[in-house]
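Worksheet for the structure shown next.
Keep in mind that what you see is a predicted model, and the values were worked out from it rather than measured.
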Amino acid sequence: GLRMLIPYIISSASRVLITYILSRSDMEFDTDVDQQPNQDNRPLVSVLIPSYNHQQYIENTIKSIWEQSYSNIEIVVVDDCSTDNSWQVILDLEKISPMRMKVLRNERNMGPAATINVALGISTGDFINLFSSDDLFLPNRFEGALQCFENNPYLEIVYSNGRELRDGEEGKRVHDNGVIKLLSKLPLKISNFLFTNINPFFVQAALINRKTIDRVGGMDANLLADDWLLNSRIFHSFSNKRQYCYYDQDVFLYRKHDT
């Protein structure tokens, strides 16, 4: 999954924004990618999915996006050289997708953070939702968060909530009351918390303005705790509480695997 809980001591050099450049030789393009322009007046949401060895889950993951009531969505799936049948499943789904869908396959295994950067580079959405290839969206995932953006021109990221999913049974919420309370604090308080604690934020439940991700430089491909650093960079870049909010809705199911 996207979420890693191990904090790292970050040097100032690691906060420098790095432009991630990929040559065509690093990836395999699907030539049937839909390149039609966005003709919908509503904001385009790009759902970015790094795929690796989730052949038994990724079809349901993608279909949970197809079933959304909000339809102006661009699905971007980048397979990181899966050794199972994931890539073929993705290609088959791309052929029948009812919404725009871009698929790529890395020519070599690059890890989840670098793979997300590839997906980000070919996406065109106004808003970004990073997602895992084994998790599931719940119905009406986007309307509430997008309304928050419409109501507040200063807003850059909306966090929502989700539920754990184990053996087909939904469990506790992924963001408990402590996390919700943390999101009501000033950005400096949150930034300091993130640099001294494990990451409590599930990026799958966040809808992010594209300009925000571009400003902080995307994912850091050199670290394992990639979403922790992304959250840290985002809050480090904020100056006031108008730039983020919590919207109290369960928007996804976080699959828990037995270890």
_Run Tyr247 and Tyr159 through ring-ring contact (aromatic ring centres under 6.0 Å, His included) and show every step you take._
CA-CA 6 Å; Tyr247 182 75; Tyr159 287 92; over 10 Å; no
*Residues that Phe142 engages under ring-ring contact (aromatic ring centres under 6.0 Å, His included), provided they are two or more places apart*: Phe137
_Does anything in residues 192-201 form a salt bridge (Lys or Arg N to Asp or Glu O under 4.0 Å)? List the pairs, not counting sequence neighbours._
none
_Please enumerate all residues that pass ring-ring contact (aromatic ring centres under 6.0 Å, His included) together with Phe238, with sequence neighbours excluded._
Phe235, Tyr244
*Mind checking who shares a hydrophobic cluster with Tyr57, ILVMFWY linked at side-chain heavy-atom distances under 4.5 Å?*
none
*Residues sharing Leu136's hydrophobic cluster, by side-chain heavy-atom contacts under 4.5 Å among ILVMFWY, directly or via others?*
Leu138, Leu165, Leu253
*Applying salt bridge (Lys or Arg N to Asp or Glu O under 4.0 Å), which residue pairs with at least one partner in residues 143-162 are found, sequence neighbours left out?*
Glu156-Arg215
*Sequence-distant partners of Asp176, salt bridge (charged side-chain N to carboxylate O under 4.0 Å, His left out), two or more places apart*: none
*Using the six-membered ring of Tyr254, assess whether NZ or CZ of Arg163 lies under 6.0 Å from its centre and within 45 degrees of the ring axis.*
no
_For Ile198 against Phe193, the heavy-atom pair lying closest together_ = O-CE2, 4.1 Å
*Write out all pairs satisfying salt bridge (Lys or Arg N to Asp or Glu O under 4.0 Å) with one or both partners inside residues 52-64, taking only residues at least two apart or from two chains.*
Glu59-Lys63
*salt bridge (Lys or Arg N to Asp or Glu O under 4.0 Å) pairs, two or more places apart, involving residues 189-210*: Arg210-Asp214
*Are Asp167 and Arg255 within salt-bridge range, i.e. N to O under 4.0 Å?*
no
*Applying side-chain hydrogen bond (donor to acceptor under 3.5 Å, both in side chains), name anything that partners Asn129, two or more places apart in sequence or on another chain.*
Arg141
*asked:* Just to verify, what does Thr124 make a side-chain contact (heavy atoms from CB on, under 4.5 Å) with, not counting sequence neighbours?
replied: Leu44, Glu74, Lys102
*For Asn151, all residues meeting side-chain contact (heavy atoms from CB on, under 4.5 Å), sequence neighbours excluded*: Gln147
